Amino acid sequence: MGGMLAADTDQALPSPADLSGRLLPWFDAHHRTELPWRRPGTTAWGVLVSEVMSQQTQVARAAPVWEAWMARWPTPADLAAAPTADVLREWGRMGYPRRALRLQECARIVATEHGGVVPADPAELEKLPGIGVYTAAAVAVFHYGRRHAVVDTNVRRVVARLGGQSDAGTATTKADLAAAESLLPEDAPTAARVSVALMELGALVCKARAPECGTCPVSGLCGFSGQEVPAGPSRKRQKYKGTNRHVRGEVMALLRDAEGPVERARIDAVWPDRRMLDEAVAQLITEGLIGTDEAGRFELPSR
DNA sequence: CAGCCGTGGCA
DNA sequence: TTGCCAAGGCT
């Protein structure tokens, strides 16, 4: 599309009817039933928690944390009332602990401003901290059955390949959302199932590095079917070892595992570069991920 | 909008 | 072993 010459690999996307006809029977037969948040009776809050935990963390790692988390704090009010230190410890080693902080803020807002009821409207959900375009759509569609495009990295890749490209761009664009929306049938419950199924297809079959076109239910509709995935990273990757994030991770790990407040000398032992350490500690305090007691020792925030 | 924010599974 | 890649969001 667009004014420039289209790549010769571009291909029209399938019609909603054609896609649904292939995709939904496949989903019914092959989707993962073991994901705990897919159990009947999971609340809207439970779905929201599962989506936040799954942001940039593999669902297999999020699942056991979700189980313990929901058993301990079943409702937004429960999480809102918890000490933040407990929340960060339960989050464990899932990474990006700011997500845990924002999830608790989310719980406080839902509990106090929404009467404990998770909004069903994507625009309303997006106002909550840590809830972006993807997560808002996921809650609205997966729990409330709305007809709305749900575009994560899996769906971007599936839609790109259906259109003949080897992979999607670096970020979700309006065009991505429009393309995904164009694949949805009119009927909302069916559209919601198509959205789930597109994600599942990306996770199980249309995988980033090794797509299994031979067993793909929509290979007959796909412009990329059977082609080789180009070698090398699909986009620029960030370093971790030796970076600020690494330092932050070490400090957080120390405080998570500590019994009580920690002396600065023990913090100093986790990283040799004093400048980097000072910077990381200052950031963590500013962001509310760690705090200090009256004696100047460090600890996870009590509230 | 490009860069930043953790951590671990897996090929 | 090393490095890609994860149900993204925020600034």
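Reminder, nothing fancy here: chain letters follow the sequence lines and each chain counts from 1. Here the structure is a predicted model, which is why all the values come from computation and not from measurement.
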Selection: residues 260-271 of chain A, any non-hydrogen atom under 4.0 Å of DNA chain C: none
Nearest 0.5 Å, what's the OG-CG distance between S195(A) and L183(A)? 9.0 Å
To the nearest 0.5 Å, what is the distance between CG on N244(A) and CD on E279(A)? 6.0 Å
Would you please confirm or rule out a distance under 4.0 Å between OP1 or OP2 of dG6(B) and any side-chain N or O of R248(A)? yes
To the nearest Å, give me how far apart NZ (K241(A)) and P (dC5(B)) are. 18 Å
Which part of the nucleic acid, if any, lies within reach of Q238(A) when heavy atoms closer than 4.0 Å are counted: base, sugar-phosphate only, or nothing? base
M252(A) CE to dT7(B) P: how many Å, rounded? 8 Å
Indicate whether OP1 or OP2 belonging to dA2(B) is found under 4.0 Å from a side-chain N or O atom of K236(A). no
Establish, with yes or no, whether the OP1 or OP2 oxygen of dC4(B) is under 4.0 angstrom from a side-chain nitrogen or oxygen of N244(A). no
In whole angstrom, give the distance that lies between atom CD of E250(A) and atom P of dT7(B). 8 Å
Under 4.0 angstrom between T153(A) side-chain N/O and dA7(C) OP1 or OP2: no
Can a donor-acceptor pair be found between the side chains of R39(A) and T33(A) at a distance below 3.5 Å? no
We want to know whether Y134(A) and Q55(A) form a side-chain donor-acceptor pair, criterion being a heavy-atom distance below 3.5 angstrom. no
With sugar-phosphate meaning primed atoms plus P, OP1 and OP2, does M94(A) contact a base, only sugar-phosphate, or nothing at under 4.0 Å between heavy atoms? base
Atom-pair distance (CZ on R32(A); P on dA6(C)), nearest Å: 12 Å
Distance, nearest 0.5 Å, that separates CG of D121(A) from CZ of R146(A): 5.0 Å
Considering only atom P, compute the distance from dG6(B) to dT11(C) and round it to an integer number of Å. 14 Å
Decide if the gap between the ring center of H31(A) and the ring center of W26(A) is smaller than 6.0 angstrom. no
Do you reckon V155(A) sits in the same ILVMFWY cluster as F27(A), going by side-chain contacts under 4.5 Å, direct or chained? yes
dT7(B) phosphate, OP1 or OP2, under 4.0 Å from Y240(A) side-chain N/O: yes
Could you give the distance from CZ (R256(A)) to CG (L289(A)), rounded to the nearest 0.5 Å? 10.5 Å
side-chain N/O S234(A) vs dC4(C) OP1/OP2, d < 4.0 Å: no
Is the phosphate of dC5(C) approached by R237(A) (side-chain N or O, under 4.0 Å from OP1 or OP2)? yes
Distance alone, cut at 3.5 Å: any donor-acceptor contact between the side chains of Q227(A) and S166(A)? no
If I take atom CG in residue L254(A) and atom P in nucleotide dG6(B), what distance separates them, rounded to the nearest angstrom? 15 Å
Measure the distance from CG on L48(A) to P on dG8(C) and round it to the nearest whole Å. 15 Å
Taking atom P of dC1(B) as reference, at what distance in whole Å does atom NZ of K174(A) sit? 11 Å
Classify the angle between the aromatic ring planes of W271(A) and H246(A) as parallel (below 30°), tilted (30 to 60°) or perpendicular (above 60°). perpendicular
Set out, line by line, the N/O atom pairs under 3.5 Å between protein and nucleotides 8-11 of chain B.
| residue | atom | partner | partner atom | Å |
| --- | --- | --- | --- | --- |
| dG8(B) | OP1 | R93(A) | NE | 2.4 |
| dG8(B) | OP2 | R93(A) | NH2 | 3.2 |
| dG8(B) | O4' | R61(A) | NH1 | 3.4 |
| dG8(B) | N2 | Q58(A) | NE2 | 2.6 |

Taking the minimum atom-to-atom distance to the side chain of A208(A), which one of dA7(C), dC5(C), dG6(B) wins? dC5(C)
Out of curiosity, does I131(A) fall in the hydrophobic cluster containing W66(A) (side-chain heavy atoms, cut-off under 4.5 Å, transitive links)? yes
Which whole-number value in Å describes the distance from R99(A) CZ to dT7(B) P? 10 Å
Hey, does L35(A) reach any base, or is it just sugar-phosphate, or nothing, if we go heavy atoms under 4.0 Å? base
Restricting to non-hydrogen atoms, name the atom on A149(A) and the atom on A180(A) that form the minimum distance, rounded to 0.1 Å. CB-CB, 3.9 Å
Report all interatomic pairs (protein N or O, nucleotide N or O of nucleotides 9-11 of chain C) with separations under 3.5 Å.
| residue | atom | partner | partner atom | Å |
| --- | --- | --- | --- | --- |
| dG9(C) | OP1 | G132(A) | N | 2.9 |
| dG9(C) | OP1 | T135(A) | N | 2.9 |
| dG9(C) | OP1 | T135(A) | OG1 | 2.5 |
| dG9(C) | OP2 | Y134(A) | N | 3.2 |
| dC10(C) | OP1 | G130(A) | N | 2.9 |

From E67(A) CD over to W37(A) CH2, what is the distance, rounded to the nearest 0.5 angstrom? 9.0 Å
Between R38(A) and dA7(C), is there a side-chain N or O to OP1/OP2 distance below 4.0 Å? no
Distance between the C1' atoms of dC5(B) and dT2(C), in whole angstroms? 22 Å
For W91(A), report the nucleic acid contact type (base, sugar-phosphate, nothing); a contact means any heavy atom under 4.0 Å. nothing
Could you tell me whether the side chain of M70(A) reaches within less than 4.5 Å of the side chain of W45(A), counting heavy atoms only? yes
If the P atom of dG3(B) is compared with that of dC4(C), how far apart are they to the nearest Å? 16 Å
Taking dA7(C) as the reference, what is the distance to dC4(B) when you measure between their P atoms (whole Å, please)? 23 Å
